[in-house]
Each structure stands twice: as C-alpha cells, then as structure tokens.
Amino acid sequence: MKMQNSTLGSLTNRVALVTGASSGIGKAIAQRLASEGAIVYINYRGQASKAKSLAAQIQAKGGLGIPIRADISKESDIKKMFQKITSDQKRLDILVNNAGLESKAPILKMKTKDWDLVINTNLRGSFLCARAAAQMMAKRKTGVIINISSVHETIPWGGYAHYCASKSGIMMLTKTMALELASLNIRVNNIAPGAISTPINDSWIHKPAIKKVVLDKIPEQRIGTPEEVAGAVSYLVSDEARYITGISLFIDGGMTLYSSFLKQG
C-alpha cells in the first residue's frame, strides 16, 4: 500500500536525501516527502536508533525510508553516502540540506575550533552535499536542491557570529548554484526558518520569560512547527514550483519584519 500523495502533486518514486533527518525539522521533512511517495534516505550522524525508528514509522504508513549514516562535516563520509545512494538507486532527484548545529561563542572569546566546527558543518557540509547531488543530477539534467538556512542569514545574533556567517553563506551558495545550474534543469532554493519548536530550542521554549522575549520579535506571536517548514519544502520540490529557483523563502511568522513591527508598537 502506497502512502497518499499531497494535493500539491506526487513525488512517487523520486529519490530524496534529507540530511540531519533523525529529529526536528529534518524528521518532519523526511516524513512529508515519504508521505508523497518519495524514497527517502534519512541521514543521521550519531542517532542511529532515532533514524531507524523514523524509517519504521514511514514504512508502517506504506512509505520507504532508509537510514544512512554520515557526518556531513567530513568529505569522506559524504562520498560514501552518495556512493551508497548511487549504488542503490542510480539517481538522486531531491536533496534537502538540513543538517546543522549552533553554539554560543562571543566573538572576543570565540576559539578557532568553535568557528571551524560550525562553519564546517553548516556551510562546508551543505556545499559538499550540494556539489555531490548536483553532479548526480547533471547526468540526467533534472533535480531539486533545497538548502535550509535561518532568519539569521539576515538578522545578526550576538554571540553567534559563526552561525550567522554560515547561514548567510548558505543563502549566497543557493543563489549562485541556482544561477549556474538552471541550464541543466536543476533548481536550487533556500528555506530560512525562524523560531521553530524543535529539540534544539527546548532550552528556552519552556521558559516563559525567555519565550516572551522571542515572541515579542514575531508579529504572529507564536512559535512555528517543523511541519510548517516541511510543507514549504514539499511545495518547492514539487512540479508546482518548477519555475522557482534561487530564492530564500522565510518561514518565520514575520520575524524578519520585527524591527519595523516593534517601531509600530
């Protein structure tokens, strides 16, 4: 029994790779793509049990999810991951570059290793995966790459210069790749989430005082859900969006508008 397709169009038998898919936004994206018929490779780094559990959940609903381990900050791991997908499927139709991390380090105290860890995972890892995917897609002259950045590709965030730099870099990587690959019928787009209810934000979501500070910067006055980000990915990888490439789509409840919003208040 196949999973029912979305009203936005079917992804039946398309091969997708979602990095960092064992939890949070990546998990929701993997579930959504699988629900529309895609064969989804569930990338994880150190949470094998969660990736296997997600694959089982997808299978129970009639879909196909395949756990695949790789640390995207390591080029050797990425090569092995793409070799496995090539061996299994001979093609890749969709890449969602979701894996990433954040850590606080004020610029005056930031160590080089702090900078390298975030940049190598978020930006370098996204580049390495996107390049490998594009090389596969170029052979068939079709494919879609979705990068996941953050509202902090445009909004500065004190204590997180490395994170902001990585996300801003992902935005420009997206636009440049879209320009280069358009003639090969490969679309590249970027999604920039705002405050989303994921495990990475559990440290403040359940603290009313901190949560209020965040909500005061969001015109919609609420935290977004991983499923809302997944819905945007579903649209951008579908044929409904075949004339869209090189954009940054903000899923943020208006957070990028918060400066003017606060002035109005």
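No side-chain heavy atom of L64 sits under 4.5 Å from any side-chain heavy atom of I58.
Atom NZ of K111 sits about 13.0 Å away from atom CG of D116, to the nearest 0.5 Å. Atom CE of M137 and atom CG of L95 lie 6.0 Å apart (nearest 0.5 Å). For the atom pair CD (Q89) and CD1 (I66), the distance works out to 5.5 Å, reported to the nearest 0.5 Å. Interatomic distance, CD of Q31 versus CD1 of I42, reported as 8.5 Å (0.5 Å rounding).
Distance alone, capped at 3.5 Å, is enough to place a donor-acceptor pair between the T121 side chain and the L117 backbone.
Scanning for side chain to side chain donor-acceptor pair (under 3.5 Å) contacts around D88 gives Y41, K84, with sequence neighbours left out. For the side chain to side chain donor-acceptor pair (under 3.5 Å) test, residues two or more places apart in sequence or in another chain that qualify with S103 are H162. For Q47, the side chain to side chain donor-acceptor pair (under 3.5 Å) criterion is met by S22, not counting sequence neighbours. The salt bridge (charged side-chain N to carboxylate O under 4.0 Å, His left out) search around D77 returns R69, not counting sequence neighbours. The side chain to side chain donor-acceptor pair (under 3.5 Å) search around N122 returns S166, not counting sequence neighbours.
Grouping Ile, Leu, Val, Met, Phe, Trp and Tyr by side-chain contacts under 4.5 Å, direct or through others, puts M172 with M171. In this structure, L179 stands alone, with no Ile, Leu, Val, Met, Phe, Trp or Tyr side-chain heavy atom under 4.5 Å from its own, directly or through other members. Hydrophobic cluster membership of I107, counting Ile, Leu, Val, Met, Phe, Trp and Tyr whose side-chain heavy atoms lie under 4.5 Å apart directly or via other members: L108, M110, W115, I119, L123, I170.
For the salt bridge (charged side-chain N to carboxylate O under 4.0 Å, His left out) condition, no pair includes a residue of residues 168-177, sequence neighbours left out. Residue pairs meeting the salt bridge (charged side-chain N to carboxylate O under 4.0 Å, His left out) criterion with at least one partner in residues 226-236, sequence neighbours excluded, are R222-E228. Here side-chain hydrogen bond (donor to acceptor under 3.5 Å, both in side chains) pairs that include residues 130-152, with residues two or more places apart or in two chains, are E75-R131, D93-R140, N97-N147, N147-T174, S149-E153, S149-N190. The ring pair (Phe, Tyr, Trp, His ring centres under 6.0 Å) pairs that include a residue from residues 47-83 number zero, where partners must be two or more places apart or lie in different chains.
More than 12 non-hydrogen atoms from other residues, nucleotides or ligands lie less than 6.0 angstrom from CZ of R14.
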